[in-house]
Amino acid sequence: MTASNAKLSVDGNDIELKVRSGSIGPDVIDIASLYKQTGTFTYDPGFTSTASCESQITYIDGDKGILLHRGYPIDQLAEHGDFLEVCYLLLYGELPTKTEKADFDYRVTRHTMLHEQMSRFFTGFRRDAHPMAIMCGVVGALSAFYHDSTDITDPYQRMVASLRMIAKMPTIAAMAYKYHVGQPFVYPKNDLDYASNFLRMCFAVPCEEYEINPVLARAMDRIFILHADHEQNASTSTVRLAGSSGANPFACIAAGIACLWGPAHGGANEAALNMLSEIGSVDRIPEFIGRAKDHNDPFRLMGFGHRVYKNYDPRAKIMQKTTHEVLGELGIKDDPLLEVAIELERIALTDEYFIEKKLYPNIDFYSGITLKALGFPTTMFTVLFALARTVGWIAQWKEMIEDPNQRIGRPRQLYTGEEERDYVPLSSRG
Ligand code: SDX
């Protein structure tokens with residue numbers, strides 16, 4: 001990668017900082033020596049201009065609406081690949097050969113069962129607990145059951161932990177759903193593909209066999225692909241920071257799940273569907289558009305806007321197509337939520353405010369309609385996001401752990417609090 005220099009003058013102290021170029025995308029100014037040279041920090045609370053790491057996994061061009069995983073465009077992967085193939089690509093950097101794919105599928109499939117003792121874990125939760133609360137707790141508890149894959153210095157244990165996370169998340173997610181609806185847990189079946197296995201664990205009941213609909217299973221698999229990884233988003237940065245202290249991978253993924261839960265991030269799919277339901281009909285859209293523009297109103301159009309995409313989120317386009325496929329297969333015509341979503345998108349994309357602020361639908365705008373049609377309650381939407389994003393978190397964590405220059409992440413601050421002052425005894429206070 002090429003390098004050049006940037007000149008900076010701080011209180012008359014002129015310094016030079018190295019500028020590094022990646023393979024594609026913006027250059028970076030290496031400021032690691034800034035504090036040593038000038039005694040000053042940089043300040044960027046939302047990390048809007050900060051590259052936190054070097055990575056080779058995912059590239060996003062927000063202005064052009066481009067998303068690449070190890071160089072492959074998301075639309076090609078979603079069209080031609082399957083989720084476990086994308087998992088292999090994210091983890092190892094190349095598309096698998098036929099033999100590698102068969103071996104990877106075999107190994108993941110045989111890690112889908114959960115330690116039987118863990119099923120008792122669920123009974124400690126209230127039935128109406130939010131499934132994301134259950135996911136945070138149960139995934140964090142995996143490190144209490146799988147001691148043989150928590151030593152991050154051992155490449156073999158890292159590989160086993162990675163496979164276990166990818167394989168067990170569908171089982172845990174399905175168990176969270178079954179516990180929520182009061183139905184018995186359904187065990188995975190090794191003769192089913194990843195998405196079909198998950199749908200069956202969610203929707204099969206002991207009273208009758210669950211018939212896999214290949215169109216819906218393909219749509220579920222594609223939804224997992226669309227959510228697999230997304231550069232240094234908030235939850236991935238959380239996993240990297242947790243992992244930088246040497247915490248075990250299960251604890252790091254639990255931290256990522258907690259961060260993803262927020263409505264500004266992975267919780268937006270649940271919030272977007274609740275918003276569409278609240279709007280209810282096309283004639284109420286102007287009222288909500290007005291609220292979204294009103295700075296005194298905290299309301300935002302959920303599923304719109306993105307820190308990086310200042311153009312259409314390429315995943316949203318594929319998601320919209322999948323929505324129509326699923327609704328068509330299920331014979332759902334004139335879905336009122338879809339009608340509101342399409343009209344809301346049309347109005348927002350022609351409205352000066354949204355155009356000027358470059359607010360486009362993101363992946364969360366259409367995913368909720370699709371997941372609802374597939375039979376999931378809104379409280380499960382972010383769980384499905386976490387299920388799919390686990391491979392991205394694991395791939396980014398693995399890349400960080402294997403980086404010989406990796407150090408614990410420890411940002412500094414701009415302190416604006418009280419200067420030093422002496423303690424005042426209680427007897428002397430008012
Ligand atoms: C995901 O980072 C990732 O990659 C995330 C993700 C992934 O795959 O990991 O892509 C998944 O999290 C997608 C985003 C899901 N969130 C939502 O849909 C929630 C609604 N969107 C917003 O909360 C917001 O757009 C964010 C959080 C997504 C981005 O926030 P930013 O980059 O901090 O932008 P901002 O809040 O500074 O907004 C810029 C301006 C503001 O107006 P001004 O103060 O400049 O006048 O745009 C306005 C905002 O008020 N704005 C919106 C809006 N989003 C931003 N106004 C109305 N509705 C919105 N949705």
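All ligand and atom numbering here is 1-based and tracks the order in the structure. Basis for what follows: all heavy atoms, side chains included, without hydrogens, waters or symmetry-related copies. Because the structure is a prediction, the values reported are computed rather than measured.
The protein heavy-atom contact nearest to atom 44 (O) of ligand 1 is His295 CE1, 3.4 Å. Of the protein's heavy atoms, Asn233 CB, 3.4 Å lies nearest to atom 2 (O) of ligand 1.
Phe365 and Tyr360 have their aromatic ring centers separated by at least 6.0 angstrom. You'll find the ring centres of Phe125 and Tyr179 outside the 6.0 Å limit. Close placement of the Phe376 and Phe203 rings is indicated, their centers lying within 6.0 Å of each other. The ring of Tyr309 has its center closer than 6.0 angstrom to the ring center of His230.
Side-chain atoms of Thr382 and Asn269 include a donor-acceptor pair closer than 3.5 Å. There is a side-chain donor-acceptor pair under 3.5 Å between Gln37 and Ser33. Side-chain polar atoms of Ser49 and Asp44 form no donor-acceptor pair below 3.5 angstrom.
In this structure, Tyr353 is part of the shell of residues with a heavy atom less than 4.0 angstrom from ligand 1. Not a single heavy atom of Gly46 sits under 4.0 Å from any atom of ligand 1. Between Glu231 and ligand 1 there is no heavy-atom distance shorter than 4.0 Å.
When heavy-atom distances to ligand 1 are checked against a 4.0 Å cut-off, His265 comes that close through both its backbone and its side chain. Neither the backbone nor the side chain of His227 has any atom closer than 4.0 Å to an atom of ligand 1 (non-hydrogen atoms only). With a 4.0 Å heavy-atom cut-off, ligand 1 is reached by no atom of Lys293. Counting heavy atoms closer than 4.0 Å to ligand 1, residue Tyr360 contributes nothing at all. Contacts between Ser235 and ligand 1, counted as non-hydrogen atom pairs separated by less than 4.0 Å, are absent for every part of the residue.
In this structure, Arg158 pairs ionically with Glu402, as a charged nitrogen and a carboxylate oxygen lie closer than 4.0 Å. Taking the charged nitrogens against the carboxylate oxygens, Asp82 and Lys101 do have a contact shorter than 4.0 Å, which makes a salt bridge. Glu325 and Lys321 are joined by a salt bridge, as a carboxylate oxygen and a charged side-chain nitrogen come within less than 4.0 angstrom of each other.
Polar contact check, Ala234 against ligand 1: no nitrogen or oxygen pair lies under 3.5 Å apart. Between Phe304 and ligand 1, at least one pair of N/O atoms sits closer than 3.5 Å. Looking at ligand 1, you won't find any N or O of Leu359 less than 3.5 Å from one of its N or O atoms. At a 3.5 angstrom cut-off on N or O pairs, Asp313 does not count as close to ligand 1. Annotation: Asp364 places no N or O atom under 3.5 Å from an N or O atom of ligand 1; distance criterion only. Between Phe385 and ligand 1, not a single N/O pair is under 3.5 Å apart.
Residue Pro188 is tested with Leu114, Thr171, Thr109 for a side-chain contact (heavy atoms from CB on, under 4.5 Å); the sole match is Thr171.
By heavy-atom distance, the residue among His230, Arg300, Arg389 lying nearest atom 50 (O) of ligand 1 is Arg300.
The nearest protein heavy atom to atom 29 (C) of ligand 1 is closer than 4.0 Å. Contact annotation for atom 26 (C) of ligand 1: protein absent (non-hydrogen atoms, distance under 4.0 Å). When distances from atom 34 (O) of ligand 1 to the protein are checked, no heavy atom turns up under 4.0 Å. Proximity of atom 8 (O) of ligand 1 to the protein is indicated by at least one non-hydrogen atom lying closer than 4.0 angstrom.
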Walk me through whether Leu199 and Tyr210 qualify under side-chain contact (heavy atoms from CB on, under 4.5 Å). CA-CA 9 Å; Leu199 289 172; Tyr210 174 74; 3.8 Å; yes
Can Lys310 and Asp63 be said to form a salt bridge (charged side-chain N to carboxylate O under 4.0 Å, His left out), step by step? CA-CA 5 Å; Lys310 300 308 172 191; Asp63 295 323; over 6 Å; no
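In the vicinity of Gly303, heavy-atom distances shorter than 4.0 Å reach the ligand 1 atoms 17 (C), 18 (O).
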